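A short write-up of the structure that comes next.
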Amino acid sequence: MTATTTADMLRKFQAFLPQLVGRGRRGPLIAALLAVIVALPCALMVPPLDRDESRFVQASSQMLESHDYIDINVQQVPRYKKPVGIHWLQVLAVKLTSKVEKRQIFPYRWPSMLGAALAAFACAWGASRAFGTRAGTKAGLLFAVSFMLSTEAFIAKTDAVLCGLTTLMMACLAQVYLRNRDLARGEPRPKMFWTKLFFWLALAGTILIKGPIGPMILATTIFTLWGWDRKIRWAGSLNWGWGLILVLLICGPWFVAITVATDGQFWVGAVGHDLASKLSGGSEGHFMWPGYHLGLLPITLFPASWLLGGALQTAISRRHEAGVRFAIAWFLPAFIIFELSPTKLPHYPLPTFGALIWLCALSLDAPRKTWAKIINGAAGLIGGLVLTALAIVGYALYGTPPDLVFVAAVALGALVIAGVGGWLMLRRQERLGFGFLLAAGIITHLSVVSLLVQLKPLWVSKMMEQALVSAHLDPRQGIAPGPVAVLGYAEPSFVFAMGTRTELDNGDAQAAAAALADGRPVFVDSKFDSAFEAQARALGVKPHAVSQVKGHNYNGHDVVITLYDNPPRVSP
């Protein structure tokens, strides 16, 4: 590449930067900053979550320990479900901000926070190019504080990053569509090199993060627009030749490497087991009937749920406008696929939410019909009531009197402040009402997460870790021999906290008794007390109960776990 070519590309990129941050430039960046501000306190407060987050970060920590950045394992068990992209991002984040030996969850959460920031940025940028700066800025801010995105933003797994990359990909695709759809044959096509480059980079990123989800959303959008417009020539402007080659160059090396390293077993696990089980039935007990995601929209989209009626009205009344049509084609077909899939979790349709947020933001600038106002109020109130009810139930089951302040804060944000925002918009005071909705989203989310952290019985692994420290049996401090053995409790959050060598004996009481005989600390679930004591007696060991941990394993049932040690016998 010559110096002249390089300089020319730099000039083009500098010309593209004003487009990248939207007309007015500040809106997308403010939206991205708001997304990080909402997620940051949560990422600092919340202990490692079971099970997915802790499995992801444990696999990433093992990459750092082994320097094997191809294979994906949790302890000795292969984890062949998702591609490697999120692990590489987490590894990079830890290398830049921490050390694997510290076993801190916060550094692993940086990719998710930045993914949410990218989602808010791209939502604002795309909407600004399609509908103008005001609508774009509102869309980005609304997305930044939406409950599902701001929740995924502090959880160290794939979904916030996937949402960010998918939203960027679709924002770029929207610009190609809007600028090429109505051009006559023979008219010169806008170059849009950087827009297309970012489109293909984002597509490659979605594949490395979560396989087929990004390509599925892209395909359903293009085919829907083709059937609706009876036009497809605009899609040829995406430069499929060099674009697909770029995607192959980015994704191909790891696909080949993991195939060789695992003798093809990665594909058996990821496609033959994980994906196939999700399409054929309720994988891992997550079966739900169609309508599940639609019913959750008042919660997952809160506080934008106060605008869902307006979004529907906008989609119907302005469906002939190219930008609105694109948003419908982005959201509806993919959302239906998520609804029809038997395996459902609340975050699955998150990559489609940017389109719905566009329609919500557009609805603020037009008078709403009575039926739209009713849907707005009903969806907003349902979302606020459910979030408040969940806070009350959590407090009633696991809280203590001081935690009541967080329940009050949830009700204040979800019902009072959001309700005032909805009322102001009914009174046609959209700007002030929108500000109240943003405040409601921030206060509600931070209050829900703060309450969650205070519900101590839910954090069993954290209590087990504290029990070791209090009893001076933590191998990490060099006081007791390790690794710690656990019988009957197998959550990955404890493995991440204590280290890869942590021994999960599952139902093997003999192995747990042998660990105690070696002088190592052992945790035993109450269901295995008798079997453990019998095996210990057979080995001539007398277990010494140090302390007990009582809590609720939120992936299962109430648990009572006893910490045992084997103190050395003192000669008379």
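Remember, predicted model here, so these are calculated numbers, not experimental data.
Taking every heavy atom of both residues into account, Ile70 and Ala261 meet most closely at CG2-CB, 4.3 Å. Of all non-hydrogen atoms in Ala122 and Ala171, the two that sit nearest each other are O-CB, 3.6 Å. The nearest pair of heavy atoms linking Pro351 to Trp330 is O-NE1, 3.3 Å. Contact detail for Met216 and Ile337: the closest heavy-atom pair is SD-CD1, 3.7 Å. Taking all atoms of both residues into account, the shortest heavy-atom contact from Pro107 to Ser98 is CG-CB, 3.4 Å. Nearest approach of Pro253 to Leu248, heavy atoms of both residues: CD-O, 3.7 Å.
Judged by distance alone, with hydrogens and angles left aside, the side-chain atoms of Arg109 form a donor-acceptor pair with the main-chain N or O of Ala43 at under 3.5 Å. Between the side chain of Glu339 and the main chain of His293, a donor-acceptor pair closer than 3.5 Å is present. For the pair Thr166 (side chain) and Gly214 (backbone), a donor-acceptor distance under 3.5 Å is absent. Checking side-chain atoms of His445 against main-chain N and O of Ser150 turns up a donor-acceptor pair under 3.5 Å. Side-chain N or O atoms of Thr500 include none that pairs as donor or acceptor with a backbone N or O of Gln75 at under 3.5 Å.
Between Phe106 and Trp110, the distance from one ring center to the other falls under 6.0 angstrom. Less than 6.0 angstrom separates the ring centroid of Trp254 from the ring centroid of Phe266.
Residues Leu118 and Leu168 are in side-chain contact: their nearest non-hydrogen atoms beyond the backbone lie under 4.5 Å apart. Under the 4.5 Å side-chain criterion, counting only non-hydrogen atoms from C-beta, Trp200 is not in contact with Ile250. Between Asn73 and Gln58, the closest side-chain pair of non-hydrogen atoms is not below 4.5 Å. Side-chain contact check for Asp50 versus Pro492: some heavy-atom pair is nearer than 4.5 Å. Considering only heavy atoms from C-beta on, Phe302 comes within 4.5 Å of Leu387 through its side chain.
In summary, Glu491 and Lys462 do not engage in a salt bridge, as defined by a charged side-chain N under 4.0 Å from a carboxylate O. Salt bridge present: Arg476 and Glu465 bring a charged side-chain N and a carboxylate O closer than 4.0 Å.
More than 12 heavy atoms of other residues, nucleotides or ligands lie within 6.0 Å of CZ in Arg103, so this atom counts as buried by the packing criterion.
The aromatic rings of Phe198 and Trp194 sit tilted, their planes meeting at an angle between 30° and 60°.
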